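What follows is a short report on a single structure.
Predicted, not measured: the structure shown is a model, and the values here were computed from it. The basis for the numbers below is simple: all heavy atoms, side chains too, and nothing from hydrogens, waters or symmetry mates. Naming convention: chains lettered A, B, ... in sequence-line order (proteins, then strands); numbering from 1 in each chain.
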Amino acid sequence: MVSFEEIEEVYKRLEGRLKPDEFKSMVEEKVIMMNGLCDSKTAAMLVASELGLNETIKIKDIAPDKGGVVFIAKVISIGDIHEFSRSDSSTGRVVNITFADDTGSIKAALWDEASDLVKIGDIKMGQSLKVKGYIKEGQRGLEVNVGRGGNIEHVDKAVAVNLEPMKINDIKSGMSGLNIIGRIIDTGKVRAFQRKDGTTGKVTNLTLGDETGKIRVTLWDSKAESADFKIGDTVEIINGYARENTFSNQIELQLGSGGNIMKSNTAVDYSETFTQIADIGINSAYSVTGHVSGLDEIREFDRPDGTKNKVSNIYVSDDTGRIRVALWGEHAELVNELDIGSEISIIDAFAKPGRNEEIELSAGARTRIQVLRK
DNA sequence: CCCCCCCC
């Protein structure tokens, strides 16, 4: 006899198009017909496919050789709609969407009419959709294409997703499709810049930490403009990619139009890792904590481009050594409230060779300074 | 795709 539990999974995919009892008796009939050559689950799948219903697939089972697929998933990111000219001079349009279910996530390209669903607001973040498309190997892994012959329908039942956020320490250069949950430990200003093609871009940075480490996050264009986060917020990042910054030699997380960042209620632990002063190398960012063992005056100077700036130098000591720290710009004013013996933490200062072959720290715009005791 | 890391 067939128990309903064994075939329940398959039954669910039929989305209530027939009663459980009807389905069960069809499966039992199939098992008898197969003369015991298949188990009840296989029989259930045969019945489902004979019913001519679309068999939906889980995202983790989507493979390059699948061709046409149907899956039910949640929209977890929507990119910008991109228009382009075809060789026949007609205009095409495409938008990238990331879908997720309880087994993984996948990128989809919606072409032409399908992309209009985003434009008119029929497809939005967080919706659960049934997607029919075909699989193609894209530049960054598998991609679902929804064009002619494809289809998108809304489904009532919300899809549960399991995005398995990556721990910050496990992020390697070149990775894409990254999901991360972290706490904001620093924010930056939005900057505008000119691209080679003459268009204006926007960019801003955040530093994100979790219990394994921290990472600098770069938000581009619409993601930069809409960034409204405060230090201490927990955020979830969807569909970022990692690249090495050639200046700092550190991995950074990039978030463009195909990704998403949103506030989250998850509690995230983060604690700063301090390097002992004796262990500081060069050409990398370090955080140190110790007491002030030397103070210098503020000095104002002109940069080569004519703008003015100021700097003050202090010395910081811990149990292992003493290092000179240059406090640039606004940080320079700190000398007015510090004394010999003040306790201080300097976070993310850049180490470089100073004068007389000693390493020194540079505390600039990316550095945070905490005075623990004046 | 941007920005750095400058003084004496």
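No N or O donor and acceptor, one from the side chain of A/Arg303 and one from the base of B/dC7, sit under 3.5 Å apart. Put simply, the side chain of A/Arg324 and the base of B/dC8 share a donor and an acceptor less than 3.5 Å apart.
When hydrophobic residues (I, L, V, M, F, W, Y) are linked wherever their side-chain heavy atoms come within less than 4.5 Å, the members clustered with A/Val311 are A/Phe301, A/Trp328.
Take A/Arg368 and apply the salt bridge (charged side-chain N to carboxylate O under 4.0 Å, His left out) test, not counting sequence neighbours, and it matches A/Asp186, A/Asp348. The side chain to side chain contact (heavy atoms under 4.5 Å, CB included) check on A/Glu22 picks up A/Leu18, A/Lys19, with sequence neighbours excluded. Legend: residues meeting side chain to side chain contact (heavy atoms under 4.5 Å, CB included) with A/Thr307, ordered by chain and number and at least two apart, are A/Arg303, A/Asp305. Every side chain to side chain contact (heavy atoms under 4.5 Å, CB included) that A/Thr275 has, sequence neighbours left out, goes to A/Asp279, A/Ile280, A/Tyr286. A/Asp112 pairs by the side chain to side chain contact (heavy atoms under 4.5 Å, CB included) definition with A/Arg86, A/Arg93, not counting sequence neighbours.
Checked against B/dC1, B/dC7, B/dC3, the side chain of A/Arg195 finds its nearest nucleotide in B/dC1. Of the candidates B/dC3, B/dC7, B/dC1, B/dC3 carries the atom nearest the A/Arg191 side chain, counting heavy atoms from C-beta on. For A/Asp221, the listed nucleotide lying nearest its side chain is B/dC1; candidates were B/dC7, B/dC8, B/dC1. Picking from B/dC3, B/dC8, B/dC1 the nucleotide with the shortest atom distance to the side chain of A/Tyr241 gives B/dC1. Candidate nucleotides B/dC5, B/dC8, B/dC2 were compared by shortest atom distance to the side chain of A/Phe247, and B/dC5 ranks first.
Between A/Lys189 and B/dC3 there is no side-chain N or O to OP1 or OP2 distance below 4.0 Å.
Of the residues in residues 249-260 of chain A, those with a non-hydrogen atom less than 4.0 angstrom from any atom of DNA chain B are A/Glu252. Near DNA chain B, meaning a heavy atom under 4.0 Å away, the residues from residues 199-207 of chain A are A/Val203.
For the 3.5 Å distance criterion, the side chains of A/Thr200 and A/Gln194 qualify, holding a donor opposite an acceptor.
In this structure, the aromatic ring of A/Phe193 is not positioned over the six-membered ring of the base of B/dC1 within 5.5 Å between centres and 30° between planes. You cannot call A/Trp220 stacked on the base of B/dC2; the centres under 5.5 Å and planes under 30° rule is not satisfied.
Within the nucleic acid shown, A/Asn283 has no heavy atom closer than 4.0 Å to any nucleic acid atom. Within the nucleic acid shown, A/Asn313 comes within 4.0 Å of at least one base atom, counting heavy atoms only. Across all strands shown, A/Glu360 has heavy atoms under 4.0 Å from base atoms, whether or not it also approaches the sugar-phosphate.
One can place CG of A/Leu361 at 16 Å from P of B/dC7, the figure rounded to the nearest angstrom.
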A/Lys308 vs A/Glu300, test: salt bridge (charged side-chain N to carboxylate O under 4.0 Å, His left out). Steps then yes/no. CA-CA 7 Å; A/Lys308 292 199 179 303; A/Glu300 295 191 9; over 6 Å; no
Pair up each side-chain donor or acceptor in residues 69-83 of chain A with any protein partner under 3.5 Å, not counting sequence neighbours, and list the distances.
unit_1  : atom_1 : unit_2   : atom_2 : d
A/Ser77 : OG     : A/Thr98  : OG1    : 2.8
A/Ser77 : OG     : A/Gly258 : O      : 2.7

